[in-house]
J.: 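Below is the structure I would like to discuss, written out as structure tokens.
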Amino acid sequence: MVKPKLMQGNECCALGALAAGVRFFAGYPITPSTEIAEIFSKELPKLGGVFMQMEDEIASLAAVIGASLTGKKAITATSGPGFSLMQENLGFAAVAEVPCVIVNVMRLGPSTGMPTLPAQSDVMQARWGTHGDHSVIALAPSSVKEAFCLTVRAVNLAERYRVPVVLLMDEVIGHLRERVVFQPDEKVVQWERKQCLNPKSSQPFEETADGIPPFFSFGGEYRHHVTGLVHDESGFPTSQREGISRLIRRLHYKITQHLSDIVQVEEFFVDDADVLIIAYGSTARSAQAAVVRAREEGKKAGLLRLITLWPFPEKEVSTAAVNKKAVIVPEMNMGQLALEVARVLPDKNLLFPINRVDGELVTPDEILSVMGRIY
Amino acid sequence: MVKPKLMQGNECCALGALAAGVRFFAGYPITPSTEIAEIFSKELPKLGGVFMQMEDEIASLAAVIGASLTGKKAITATSGPGFSLMQENLGFAAVAEVPCVIVNVMRLGPSTGMPTLPAQSDVMQARWGTHGDHSVIALAPSSVKEAFCLTVRAVNLAERYRVPVVLLMDEVIGHLRERVVFQPDEKVVQWERKQCLNPKSSQPFEETADGIPPFFSFGGEYRHHVTGLVHDESGFPTSQREGISRLIRRLHYKITQHLSDIVQVEEFFVDDADVLIIAYGSTARSAQAAVVRAREEGKKAGLLRLITLWPFPEKEVSTAAVNKKAVIVPEMNMGQLALEVARVLPDKNLLFPINRVDGELVTPDEILSVMGRIY
Amino acid sequence: MSKLWKVRLSGKGGQGLITASIVLADAAIRFGKNAVQTQSYGPESRGGACRGEVIISDQNIYYPKISHPNLLVCMSDTAVKTHAGFLAGDGILIIDETLVTQTRPIKSQFYKVPITGLCREKLGQDIYANMVVLGAIIRITEVVPENVVLETFQDYFSLEMLETNLQAFTIGLKAGEKAIKRFGEFSA
Amino acid sequence: MSKLWKVRLSGKGGQGLITASIVLADAAIRFGKNAVQTQSYGPESRGGACRGEVIISDQNIYYPKISHPNLLVCMSDTAVKTHAGFLAGDGILIIDETLVTQTRPIKSQFYKVPITGLCREKLGQDIYANMVVLGAIIRITEVVPENVVLETFQDYFSLEMLETNLQAFTIGLKAGEKAIKRFGEFSA
Amino acid sequence: MAKGKHKLHFDREKCKACGICIAFCPANVFTVDIDYCAVISSPDKCTGCRRCELYCPDYCIFVEEDYYG
Amino acid sequence: MAKGKHKLHFDREKCKACGICIAFCPANVFTVDIDYCAVISSPDKCTGCRRCELYCPDYCIFVEEDYYG
Amino acid sequence: MCAVYHKYLRLDHLPHIWCPGCGNGIVMGAFIRAMEDLKYDQNEVVVVSGIGCSGRISGYLDFNTLHTTHGRALAFATGIKAAEPRLKIFVFMGDGDATAIGGNHLIHACRRNIDMTAIIINNCTFGMTGGQFSPMTPKGKKASTAPYGTVERNFDIPALAQAAGATLVARVGIYQVNLLRELIVKASHHKGFALLEVISQCPVNYGRRNQMGDPAEMLEDQKGIIKSAGLGQGLENYFGQIFQSEQPEFIEEYNKMIVQAQKKGGCDV
Amino acid sequence: MCAVYHKYLRLDHLPHIWCPGCGNGIVMGAFIRAMEDLKYDQNEVVVVSGIGCSGRISGYLDFNTLHTTHGRALAFATGIKAAEPRLKIFVFMGDGDATAIGGNHLIHACRRNIDMTAIIINNCTFGMTGGQFSPMTPKGKKASTAPYGTVERNFDIPALAQAAGATLVARVGIYQVNLLRELIVKASHHKGFALLEVISQCPVNYGRRNQMGDPAEMLEDQKGIIKSAGLGQGLENYFGQIFQSEQPEFIEEYNKMIVQAQKKGGCDV
Ligand SMILES: Cc1ncc(C[n+]2csc(CCOP(=O)(O)OP(=O)(O)O)c2C)c(N)n1
Ligand SMILES: Cc1ncc(C[n+]2csc(CCOP(=O)(O)OP(=O)(O)O)c2C)c(N)n1
Ligand code: SF4
Ligand code: SF4
Ligand code: SF4
Ligand code: SF4
Ligand code: SF4
Ligand code: SF4
Ligand SMILES: [Mg+2]
Ligand SMILES: [Mg+2]
């Protein structure tokens, strides 16, 4: 076995990206994500890759998209205020189908808020932050090791589906240091973009069976046009009604068609549970602790940990909720993913959100106490 | 009776703002909202007010907030791409409780999209576009006259609740010209900010009974500090856990505590209806046409028109949905407010969304045909 | 209850059709009708496909768009190609004979008016063609009385421009007259 | 199964307590334990309230935060005020006698160590106080063997810095020794 | 070798009737048609200066040099 | 009127021990205490130049002019 | 249309959407002729543009083309160049695009001195959105958002770019089509960030509102426009003049750093 | 602490959060003494700041104070000034705040020549986030995101501001505390946009990483820093020197326009 190591969430995120083949980072420093940039600034030059500190977050995502258009795997990292500024270009990446990963290490509050305190309050923003209808994938790691694995996965999903993927890490995980073990047989699998093989028979935004068009890269053998305007399959602007609808719908279907490949959840004593906790990120750890303690007390608690937040694991949540007496959703926000859970639950009276917005992680005690009240 | 006039939605929006007492506009041109800026550039100087064309949308909302801090009523107007850029400062207005109105004349698509075509695809963004937990009010007019009235109301709500209010107008309404009648006895009521009367006994961000702190204006008699950091009641940054939580929660409660004052819907043959349509903005007009035709055919259709989109009229929707055989939600997007309706409906199988994303308004025929299939 | 009019003016950007539709809607409202006006245009600021639409009614107008106009004016070949097929069964089609090559009757109520030609000929410039269109419409449909339209003009044109636009409108009225007379020729 | 340690090092920014907590967590992992390390600090880059926390266990550590430490080190008066009340019933409290004015025993297991004073006196500078702390902890709790900590040092300090940090650590070990001996004085 | 004549190629389809070539041609080669589009009226006067080609925003005109046809 | 002496006021509470006043005082008025905070050791040497006051980032020092006390 | 147009234009996307007499077409023509001189492999050229009438240029040119978000063209271009330095980059922006919303990316591209050619097509207005004033609309001129004439001062683009660090700057009018072509060639050969301000014309949304006559008249009037557009800080009134200096270029400096970093030893991933 | 500090500081919010020897405190001290000279009614003064260590200055000063979003201070300030022209505006920004994310608002405030005083506290780094390089970090210096030394060039802030249209620009070091005070007074008296670049120090996140000694040593070293921070385009190396010109100010021009507009007759609302 490989020697276990003490590693930090942000560190593992950067190293995961490098392992996934990322060779371009552009970003603008912001607490609590800065370590990610710092690691890239140190490691990328060694690998011949590019680290750029841009003038702001808008430029950062723009540069990442530009780099990705040349075929490079590219990433940026930020926190709330920067993520807000990236929204317009996130929409560009969605509509122009440019693979890229945006790490958002979530901190508390709107505006400057509380830069050093954790929150999970950008969950809805990750889905809805940009204007217009679009598709996006968002993942949330619950451990330092998972920060590595999910960054790899984020890069892979971005490449496979030609979408912006948001890694929603909360500050607790980003700054957490813990024991990480890489097994000697553990391999980092890299997914590559579907490449255009023959420009005669394929188009850069074509409606393929799997919904994902082949990628034409800048500086490759075929020239093409990329625009943020609604475009037809060739990539040029269109104002044909069917063409418009086809593009916007495909941007959705290319994700919803592949839920089984994209959506990941983890079950922890779910099957026989009476009370189900649904959680993600660091709050899922509190939930795990609560489940362990509840079980010790003989209470049948279980946890459905959401790894993929968007597309929302609708099927998994409704299946897991079947026959449960209560569903507890602890979050470090005023109740965001709980809204989605409410949408999916057959009976909203079963839903018990727990919300903390004071910069502290929800505690196992709080979860147990809610559990105690209802069960 | 006053002579009826042919007026445009964007025009009425600007005139409504002036009637509500707005004397400051800062914006950056963007289709299909530009007429609003153009009218302000003509009318504001006549009234001694200020029209500024800023370097971008970020600066526009910043300038609006700055102007509002001096006690002036201030507004900006934009469309999707600009609205995305405003998100960070929208959060600032929310957390610093600065009254302001943001008009978003919605156009199609993420990124540049289809600048001249209508959509209703920024509904979720209006609620969730900025990072962190916050409160926001959003209204959607369905007629040109209502563009006037709801702009007045948006200004009033912003002033009363010290929040950013988003006027979500779709391009159809923004560019529509129709007959507008102002009754001679029609008065524009202006709501004013609660002012600080005594700085000794009150604080600029204090927890009052109604949740709304008194306003201290720059250049007034009392000096104070305004920050986008989480702050205590005096306005200075705090990292006390209770203080943080209190602020974030108050930002919510000051809205949710006043739903009856804020939420407006309009019923159109709802009571005895078997099939309920829930719609807003221009699609509500298609729905009205559909209801009229359905009734002509002896079908009991009704419409609940949402005037306030955020806070979501949860109570009104669930009440109106009682005993309905089906609920149809037509939108010019991939289904956004339908998600909220789904959350509130007791039985999701009753929900029938109609979605158009090709830049055309949903037609009454489409609604009738869905109705025909289910009823 | 008088007739419900669904008017579509179609052509290219720069022809002033949107202005014509606005003036028409405004005149209808002055005349005590209900009216809505909408428009659509492409990214091109000149020369792209462009249309102005007006619904005139005595009732509330909820749905403001027109799927099947009962009065269609086409000021380009593309306009004919795009819109003629949507004309309501009993609808009226007016084409600008100067610009549209397809001049064979394609609908029962088919009027040919050499709009742009007349405008050029009499006023030396194309840009008043939109008011010629308006004149022709008013004469052919009588949707709004002439004098109400003339009244409306005051609000839309500066003093310098008023004169020529009035001329254009009158040219349109006469041309409409003539077209009605010629109508027999084409009636299917 | 050995003891579950919940260690909180509290003081001010600039004292190096976060580094100390990281080294401790790393050493614990080298020693085959499970460990998580977290931290919290204010906006001040120096002098603000600051803490580093480590949980050391043989089990999975889910919830990574500590509400009731069973080993608390306080390096400022504010730290004592803020954290002492949360110490677990059987918990150990170590205070920096040099910086904390409250030096009367407030918990059953109460160790006074003149951490900063010793550091200054022997090394001429305060900045190694964090390794003095670490030494004291190791001696008092024996949570990780000395040699494992020393091994860990190689990864955290450059060659130039290693020497002095080792010295500081040794000073801490000795001071811990002494504190244990003095412990009797305070036991309630 | 003797220099050939300049041959003017003009694409009426593309002309947007901006009037630039007409105003800029030093030799008054162009007039306008009923649509205000350019018309090559006096091709023989052409000096081959290529102003029309270089300034036409729609690439309607191409001045072929050394044309012996 | 005769000019009075300069009186140095110092607020130890606020001092963050940056060392600026110590280094900048031309008259070596300051030394440091165990916390590296400034200490007014030789007040009499003070020339009243106010450098300590103007450069102290924490406003710990105030040089009172024309002090007759 | 001669062969060079056939080679570099996407003929199936013409006619372009620009109005009769719009300067954008003239600039694109000069660019195409400059490409004829430069003889780059089309696959190795990237044309990036912003949003605006001028931004539509990328759609018509047969290279790798990118039509970005409003104001951000240089930031996208920076990513492309840094990721794939062998590519030749040309960035087209409108005056609004480059100097209103995109001003920050402009000065930072100048500061970094990253090797690319930027062309600002300055028609003194926001053409695409219907003629609002831009930071380059001369004071006193009318615009759809300045019915009483603008009150704001303008940038002197070359002076600003030079102060920000650009190492080749020039201003040229579309009137000077041949000079424009030469300058594009020169700018592309320059190692570092080259910025050309091209004084262009929007006869429809700017000229008409300001009674500037037909496109041909506007074209003749160019020198006057340039004068009034200057801030009067020394660089004004140069018209085709070109300032050039040699300074470290971003990619070169970055590559030196890579060598440095790689000496220090490998990454443990 | 003398009376002037008592008057202008919010004593209950001190001690400030800045590190020992941080230049921000020295700048704030000079500002307070300039206020003593200016004698404005405190209720008529607005202090706006950005985000960063330097941005915290607004919280300590007893005026109307506004701590904005990162980089946007000048845009907020523009709204305040335009809405309430009688207020005296001072805007504090860090080098990152003003020249990285906020560069566009900076050049536009210069261009508009709107009457306010902007002070950039240039400590050559992003202090608050832990010492990443900023556009003002001299080339070759280390930063937390430049472990091998920075490769980017810097802005010459006064040259940039002047080219953008600012009508009073100066660079001064915190070493020159008295000059700084005088310049603040002069800038505030100036009609138009006045920009002061104050070379400051971040001993913790910049100085330490670059072995620049203790705060006192850094303070002594200032002239050297200023030299290397210049772009070498003519304006470099002036240290306290001040460039001033008279140009139309935004509010004045706007007011003239109002007069014009009101002549044209009323609005029908
Ligand atoms: C974020 C954003 N704001 C505003 C717009 C609307 N918009 C499109 S083009 C343009 C300005 C065009 O002016 P310029 O860059 O000078 O280009 P021109 O059309 O004059 O060539 C604006 C404001 C937009 N597309 N995106
Ligand atoms: C939009 C956004 N991006 C990034 C940040 C993080 N951030 C806070 S302060 C700062 C830079 C501070 O540098 P500077 O402006 O020079 O101020 P200093 O701390 O050096 O005084 C950054 C990047 C932020 N708050 N908001
Ligand atoms: S310049 Fe070109 S587009 Fe203009 S009139 Fe001449 S040929 Fe036609
Ligand atoms: S080449 Fe010169 S002379 Fe010949 S037609 Fe063109 S502009 Fe006239
Ligand atoms: S006033 Fe001058 S001489 Fe006196 S203590 Fe201060 S620095 Fe020293
Ligand atoms: S300058 Fe001020 S803070 Fe620094 S040592 Fe002297 S008194 Fe203390
Ligand atoms: S609007 Fe102006 S810039 Fe745009 S295409 Fe027309 S003439 Fe050219
Ligand atoms: S980090 Fe630097 S700039 Fe910030 S307070 Fe400390 S010394 Fe000052
Ligand atoms: Mg322009
Ligand atoms: Mg700084």
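By convention in this document, chain letters (A, B, ...) are assigned in the order of the sequence lines, proteins followed by strands, and residues within each chain are numbered from 1.
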J.: Tell me whether the count of non-hydrogen atoms from other residues, nucleotides or ligands lying under 6.0 Å of CD in A:Gln190 goes above 12.
T.: yes
J.: Hey, does G:Ser58 have a side-chain heavy atom less than 4.5 Å from the side chain of A:His225?
T.: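 In contact.
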J.: For A:Phe218 and G:Thr65, work out which heavy atoms get closest and say how close.
T.: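 Closest approach of A:Phe218 to G:Thr65: CZ-O, 3.4 Å.
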J.: Would A:Phe51 and G:Tyr254 satisfy ring-ring contact (aromatic ring centres under 6.0 Å, His included), going step by step from the backbone distance to the final call?
T.: CA-CA 9 Å; A:Phe51 167 86; G:Tyr254 190 86; 8.2 Å; no
J.: Do you know which of G:Leu66, G:Thr69, G:Asn255, G:Asn64 has the most heavy-atom pairs with chain A at a distance under 4.5 angstrom?
T.: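 Of the options given, most contacts go to G:Asn64.
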J.: Using 0.5 Å steps for rounding, measure from the CD1 atom of A:Ile58 to the CZ atom of G:Arg72.
T.: 4.0 Å
J.: If the contact rule is any heavy atom under 4.5 Å from chain A, which residues of residues 86-97 of chain G qualify, in numerical order?
T.: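 Counting heavy atoms that sit under 4.5 Å from chain A, the residues of residues 86-97 of chain G involved are G:Arg86, G:Leu87.
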J.: When only pairs under 4.5 Å are counted, which of G:Met257, G:His70, G:Arg10 shares the most heavy-atom pairs with chain A?
T.: G:Arg10
J.: Evaluate the side-chain proximity of A:Lys46 to G:Gln260: yes if any heavy-atom separation is below 4.5 Å, no if none is.
T.: no
J.: Pick from A:Gly235, A:Gly91, A:Pro45: which one has the most heavy-atom pairs with chain G under 4.5 Å?
T.: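 Most pairs with chain G among the choices: A:Pro45.
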J.: So do G:Glu84 and A:Ser217 actually touch side chain to side chain, heavy atoms under 4.5 Å?
T.: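 With C-beta onward as the side chain, the pair stays apart.
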J.: What are the two closest heavy atoms between G:Thr68 and A:Phe92, and how far apart are they?
T.: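 Nearest heavy atoms, G:Thr68 then A:Phe92: CA-CE1, 3.7 Å.
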J.: Using non-hydrogen atoms only, which part of A:Phe24 is less than 4.5 Å away from chain G: side chain, backbone, both, or neither?
T.: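 The side chain, not the backbone.
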J.: By side chain to side chain contact (heavy atoms under 4.5 Å, CB included), which residues pair with A:Glu221, not counting sequence neighbours?
T.: none
J.: Just give me the residue among G:Ala75, G:Gly71, G:Gly55, G:Ala73 that pairs up with chain A most often, heavy atom to heavy atom, under 4.5 Å.
T.: G:Ala75
J.: Looking at A:Gly48, A:Gly228, A:Ala26, which one has more heavy-atom pairs under 4.5 Å with chain G than the rest?
T.: A:Gly48
J.: So, for A:Pro237 and G:Arg56, which heavy atoms are closest and what is the spacing to 0.1 Å?
T.: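 Taking every non-hydrogen atom into account, CG-NH1, 4.2 Å.
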J.: Side-chain contact test, heavy atoms from C-beta onward, threshold under 4.5 Å: evaluate it for G:Phe76 versus A:Asn89 and give yes or no.
T.: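 Heavy-atom side-chain distance check passes, below 4.5 Å.
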J.: Measuring heavy-atom distances to chain G, does A:Val50 have an atom under 4.5 Å in its side chain, in its backbone, in both, or in neither?
T.: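 For A:Val50, backbone and side chain are both near chain G.
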J.: What residues of residues 65-77 of chain A make heavy-atom contacts with chain G at a cutoff under 4.5 angstrom?
T.: A:Ile65, A:Gly66, A:Ala67, A:Leu69, A:Thr70, A:Lys72
J.: Does G:Asp62 offer a backbone N or O that forms a donor-acceptor pair with the side chain of A:Arg223 under 3.5 Å?
T.: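 Side chain of A:Arg223 to backbone of G:Asp62: a pair is present.
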J.: Considering only heavy atoms from C-beta outward, does the side chain of A:Met52 approach that of G:Arg112 to under 4.5 Å?
T.: yes
J.: Using the ring-ring contact (aromatic ring centres under 6.0 Å, His included) rule, collect all pairs that involve residues 95-116 of chain G, keeping only residues at least two apart or in two chains.
T.: G:His108-H:Phe155
